S.K.: 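For reference, the structure I am asking about is given below.
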Amino acid sequence: MRVELIEKIEGEAKLEYRFKQDKIDFVKIVFPHYRGIEEILRNRPVWDALAINPRVCGICGHAHLFATVRAIENLYQNAGIDVNIAEKAKLIREITLFCEHIQNHLKWIYLVIVPIMKSIAKINIDQNSFLEIQKAIVNINRVLAIFSGQWPHSSYMVPGGVVCDPTHLDILQARNFLKNALNIVERRVFENIVFEEITVAELEKSKTDSGKIFRFLKENSLLSIGKANDRYLIFGEHSFTKRVKIIKTVSYPVKMKYVNEKSQKSGFAKNVTYKSNYYETGPLARMMLLKPNLIKQLHRAYKDGISTRIFARIAEISFLFKIVEEHLNSIELSQKSYNHIKTDIKEGYGESAVEAARGSLIHKIWVEKNIIKKYEIITPTQWNLSNGTPQKPATAQKAMIGLKNGKLAELVFRTFDICSVCTTH
Amino acid sequence: MKSKIVWIQGVTCNGNSHSFLNYQNLDIFLKKVEFLYHPLLPSKYSLKELSEKRFDFDILIVEGAIKKSYERGIVSLNTLMEKLSIKARKIIALGTCAAFGGVFKSYDEKNIKGLIFDGEEKKGFFKELEKKVINIPGCPAHPEWLIYVLNMIEAKKKILLDDFLRPKEIYAFTVHSGCVRNEYFEWKVDAKSFGVKEGCLFYEQGCQAPYTHGSCNKILWNEVNSKTRAGMPCLGCTEPTFLKEELFKTKTYMSIPANMPLGVPKRAYLTITGVAKSFKIERLNKRLIDES
């Protein structure tokens, strides 16, 4: 067995490889860190979860806040309390969530994927390109902060809506910051705002970093490596997603009760399955639902290999820019930001799902006399990085098995956009 | 010559690393320093090399709380800290976890602490390093706060610290200073609800800004806003007492806030409150922006 430490993935993970005839025969994924968030939440007042849960993760804390607020709202609804969220608050919640996705995906391209590509073969993307993209990230996070007060670690979503009460001037500023960010992204990442609809032939010719990444994969015969189970899952319901599993491009409805989380013998991450099967969650799953032209073509040619997975995440950036702009344009500011909710709960349960940058995030809360008795969090990386058996490998394992060396396996592993802190929480 | 920095992590969520990436002049800053290790940015050494190689450097940044047995790379956090802290000229405990223990402390009170402090007490795991350490608490810390401290160190200028080793230029202020809701605080007009621009969040919604040290409303977050400006109560995240309980409700004794604004005696507060409340300021009791 050979053990490789994988770092700069919001913490670390270990890959324990078993080789057979110069190929990876099996690989185990181990996450070493645990911070006990679910235990910290126990015996605290319900709303304290709004302050604690964003601290699960420095890069997707907003998704955890959104999942928390939805879980608490579901708790109230299950107790017969009317929860009425104005359209304005719904739009603001999505704007900030999608901004978080955009900054996440941009960091992933330049701090995670390009560096590992560079260590495999030559790719003509400047070392300093991140510094240009970082200006886009600064601007995107400004859009977010206009509504949430700050990023990271705001708790501005509360049961009943959002705490902010923006003006037209705020919206104008947000639109300008968004435009500034898009200008930078269009200069570097893709030149076309309908990037997700371009053809593979157009992608191959593109002078942008997306084109360079595609040509790198093609020249090094890497386009179709990293195929997983070609099965996808989306739990978070938003303006462009619904609760489905997708098998061979066909969608089927799913229910939370079939999600199963189980401890493992080594490491602190828990395995997650849906009806005992492993699924991929994240931008690729979401793009398999939306089926934009680029992803349809890539999937037809390379199935769920790394090229489809990588460009699904990049395509989602261009898609989300448009949604955020549409949302900013359609907010009706005269609506209420927040509707007061009666918050007294004798006993109850609530659950939620949100699409985080890396995929479906599930929160579950059990309450007695307004106090949290139990809290459970299932993160996207748990779905993608569960450990199956050699006979039935989980998603990322399946994608790495059969590869010739650890470097390629690391590239494939990193296409899942790992978040170590989320995985164990 | 460029300052050499090593940035390591203890028990953390990575929030300070990502907050740092919000720094608007990152390109300029990175021309002046070299990261021998950073948890996100490309850097000279890997985590394995960090514990195996011999090298000199100037500043150690620690993000996250200290749990001695916590694995970091191929060694324990304690081993890594012992090696690096000897070489470092200055050490920055970045964020409330590194400074005081922070959010994750309550999972394992005895074994999770800050570098110098364990909550409010000077009982951290590395308290012998006190002379080298500067605390920059906050959950997360603002990038401008960190850059300011690094610049002061590089220029060999004296940084005045408070009793919790926090730079006074950042933490002598309260989060309340500069809040756009200050008029409502002065005239004791509370926010009737979340989601409105009007009213102070100190009386009902649990805002801790009047007794929390920090520059959040002076050096704005992401250059555009702050929690309280956006209508969210301050959670007191720069303090050793972070995270308290029941964060969205003001704790009161006989309808009076249990915690007084910083340095204000209760008698003074009650006197001023009595006077302020005896007047009804029309402008502060209606919507700021309406059609009338």
Side-chain angles (χ1 to χ4, degrees), chain A residues 5 7-8 10-12 32-33 35-37 39-40 44-45 47-48 50-52 55-59 61 89 107 111 115 127-128 130-132 134-135 137-138 141-142 144-156 158 160-165 167 173 177 336-340 421, chain B residues 9 11-19 21-24 26-27 30 38-42 46-48 70-74 102-104 106-108 139-140 142 193-198 205 216 220-233 235 237 243 245-249 289:
Chain A
L5 177 74
E7 55 181 280
K8 304 200 186 206
E10 310 301 320
E12 293 92 51
H33 299 129
R35 292 164 300 149
I37 288 272
E39 280 150 89
I40 291 169
R44 275 189 164 262
W47 279 40
D48 281 7
L50 299 168
I52 293 168
R55 272 100 186 159
V56 168
C57 179
I59 194 166
K107 285 174 184 168
L111 295 178
Q127 193 79 33
N128 287 325
F130 174 70
L131 292 177
E132 199 178 333
Q134 188 260 349
K135 303 272 181 210
I137 292 167
V138 166
N141 289 341
R142 283 177 181 154
L144 233 158
I146 281 177
F147 301 99
S148 67
Q150 69 175 68
W151 189 92
H153 291 353
S154 168
S155 306
Y156 91 105
V158 292
V162 291
V163 299
C164 60
D165 182 18
T167 60
Q173 280 191 312
F177 289 135
K336 278 176 118 180
S337 294
Y338 167 82
N339 286 310
H340 181 72
V421 289
Chain B
Q9 296 181 312
V11 186
T12 184
C13 69
N14 283 14
N16 292 289
S17 284
H18 285 286
S19 182
L21 291 192
N22 283 338
Y23 183 50
Q24 58 178 333
L26 190 69
D27 49 349
L30 289 179
H38 186 278
L40 302 171
L41 295 172
S46 68
L47 259 184
K48 192 165 172 267
Y70 215 59
E71 230 177 276
R72 196 47 86 190
I74 54 166
V103 177
F104 308 117
S106 63
Y107 167 62
D108 190 354
C139 190
H142 193 298
S193 150
F194 287 116
V196 291
K197 285 182 266 299
E198 302 83 4
Q205 287 82 6
C216 297
L220 293 180
W221 282 88
N222 308 85
E223 292 81 50
V224 295
N225 215 348
S226 73
K227 288 205 199 80
T228 62
R229 287 185 182 202
M232 195 199 136
L235 304 175
C237 76
L243 190 74
E245 264 200 21
E246 195 80 273
L247 296 153
F248 292 84
K249 257 185 209 157
I289 304 165

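Here is the naming used below: chain letters follow the sequence lines, and residue numbers restart at 1 for every chain. Source: prediction; values computed, not measured.
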S.K.: Relative to chain B, which segment of His340(A) carries a heavy atom at a distance below 4.5 Å: side chain, backbone, both, or neither?
M.R.: neither
S.K.: With a 4.5 angstrom heavy-atom cut-off, which part of Pro39(B) approaches chain A: side chain, backbone, both or neither?
M.R.: backbone
S.K.: Donor-acceptor pair, Lys197(B) side chain versus Asp165(A) backbone, under 3.5 Å?
M.R.: yes
S.K.: Given a strict heavy-atom distance threshold of 4.5 Å, which part of Val163(A) is in contact with chain B: side chain, backbone, both, or neither?
M.R.: both
S.K.: Sort Val158(A) into side chain, backbone, both or neither according to what part of it lies under 4.5 angstrom from a heavy atom of chain B.
M.R.: side chain
S.K.: Sort out for me which of Leu220(B), Leu40(B), Val11(B), Ile74(B) touches chain A most, counting heavy-atom pairs under 4.5 Å.
M.R.: Leu40(B)
S.K.: In terms of heavy-atom proximity below 4.5 Å to chain A, should Ser17(B) be classed as side chain, backbone, both, or neither?
M.R.: neither
S.K.: What's the shortest heavy-atom distance between Phe248(B) and Trp47(A), and which atoms?
M.R.: CE1-O, 3.5 Å
S.K.: Go through the structure and list residues passing salt bridge (Lys or Arg N to Asp or Glu O under 4.0 Å) with Glu39(A), not counting sequence neighbours.
M.R.: none
S.K.: Can you tell me how far CE of Met232(B) sits from OG of Ser155(A), rounded to the nearest 0.5 angstrom?
M.R.: 4.0 Å
S.K.: With a 4.5 angstrom heavy-atom cut-off, which part of Ile146(A) approaches chain B: side chain, backbone, both or neither?
M.R.: both
S.K.: Is there a side chain to side chain contact (heavy atoms under 4.5 Å, CB included) between Ser193(B) and Tyr338(A) once you walk through the steps?
M.R.: CA-CA 8 Å; Ser193(B) 150; Tyr338(A) 167 82; 3.2 Å; yes
S.K.: Distance check, rounded to the nearest 0.5 Å: Asp27(B) atom CG versus Asn128(A) atom CG?
M.R.: 9.5 Å
S.K.: Please give me the minimum heavy-atom distance between Ile40(A) and Ser106(B), naming the atom from each residue.
M.R.: CG2-OG, 3.5 Å
S.K.: Does one side chain, of Asn222(B) or Asn141(A), offer a donor that lies under 3.5 Å from an acceptor on the other?
M.R.: no
S.K.: Could you tell me which portion of Phe147(A) (side chain, backbone, both or neither) has an atom closer than 4.5 angstrom to a non-hydrogen atom of chain B?
M.R.: backbone
S.K.: Chain A heavy atoms under 4.5 Å from Leu41(B): which part of the residue, side chain, backbone, both or neither?
M.R.: both
S.K.: Is there a donor-acceptor contact under 3.5 Å from the side chain of Lys336(A) to the main chain of Gly195(B)?
M.R.: no
S.K.: Is there a side-chain contact between Gln150(A) and Ser226(B) in this structure, where contact means two heavy atoms from C-beta onward sitting under 4.5 Å apart?
M.R.: no
S.K.: Any non-hydrogen side-chain atom of Trp151(A) less than 4.5 Å from a side-chain atom of His18(B)?
M.R.: yes
S.K.: Quick check for you: to the nearest 0.5 Å, what is the distance between Leu50(A) atom CG and Leu235(B) atom CG?
M.R.: 10.0 Å
S.K.: Counting only non-hydrogen atoms closer than 4.5 Å, does Val103(B) touch chain A with its backbone (N, CA, C, O), its side chain (CB onward), both, or neither?
M.R.: both
S.K.: Go through the steps for Arg72(B) and Glu12(A) under the test side chain to side chain contact (heavy atoms under 4.5 Å, CB included), then give the verdict.
M.R.: CA-CA 8 Å; Arg72(B) 196 47 86 190; Glu12(A) 293 92 51; 2.8 Å; yes
S.K.: In terms of heavy-atom proximity below 4.5 Å to chain B, should Pro152(A) be classed as side chain, backbone, both, or neither?
M.R.: both
S.K.: Who wins among Arg229(B), Gln205(B), Glu223(B), Gln9(B) for the most heavy-atom pairs under 4.5 Å with chain A?
M.R.: Glu223(B)
S.K.: Side chain from CB out, backbone as N, CA, C, O: work out which of these in Leu144(A) comes under 4.5 Å of a heavy atom of chain B, or both, or neither.
M.R.: neither
S.K.: Could you tell me how the ring of His33(A) sits relative to the ring of Tyr70(B): parallel (under 30°), tilted (30 to 60°) or perpendicular (over 60°)?
M.R.: parallel
S.K.: Among all residues two or more places apart in sequence or in another chain, which pass the salt bridge (Lys or Arg N to Asp or Glu O under 4.0 Å) test with Arg44(A)?
M.R.: Asp48(A)
S.K.: Rounded to the nearest 0.5 Å, what separates atom CD1 in Ile52(A) from atom CZ in Phe104(B)?
M.R.: 10.0 Å
S.K.: Under a 3.5 Å distance rule, please check whether Asn225(B) uses its side chain to pair with a backbone N or O of Ala145(A) as donor and acceptor.
M.R.: yes
S.K.: Calculate, to the nearest 0.5 Å, the distance between atoms OG1 and CD1 belonging to Thr167(A) and Ile289(B) respectively.
M.R.: 6.0 Å
S.K.: State whether the side chain of Gln134(A) and the backbone N or O of Leu21(B) hold a donor-acceptor pair below 3.5 Å, judged by distance alone.
M.R.: yes
S.K.: Name the member of Arg35(A), Gln173(A), His153(A) that forms the most heavy-atom pairs with chain B at distances under 4.5 Å.
M.R.: Arg35(A)
S.K.: Short question: side chain of Glu10(A), backbone of Asn14(B) - any donor-acceptor pair under 3.5 Å?
M.R.: no
S.K.: To the nearest 0.5 angstrom, please state how far the CZ atom of Arg55(A) sits from the SG atom of Cys13(B).
M.R.: 7.5 Å
S.K.: Using a cut-off of under 4.5 Å on heavy-atom pairs, state which of Val162(A), Ile137(A), Val138(A) scores highest against chain B.
M.R.: Val138(A)
S.K.: Does a donor on one side chain and an acceptor on the other come within less than 3.5 Å for Gln24(B) and Arg142(A)?
M.R.: yes
S.K.: Determine whether the side chains of His38(B) and Lys8(A) contain a donor N or O and an acceptor N or O closer than 3.5 Å.
M.R.: no
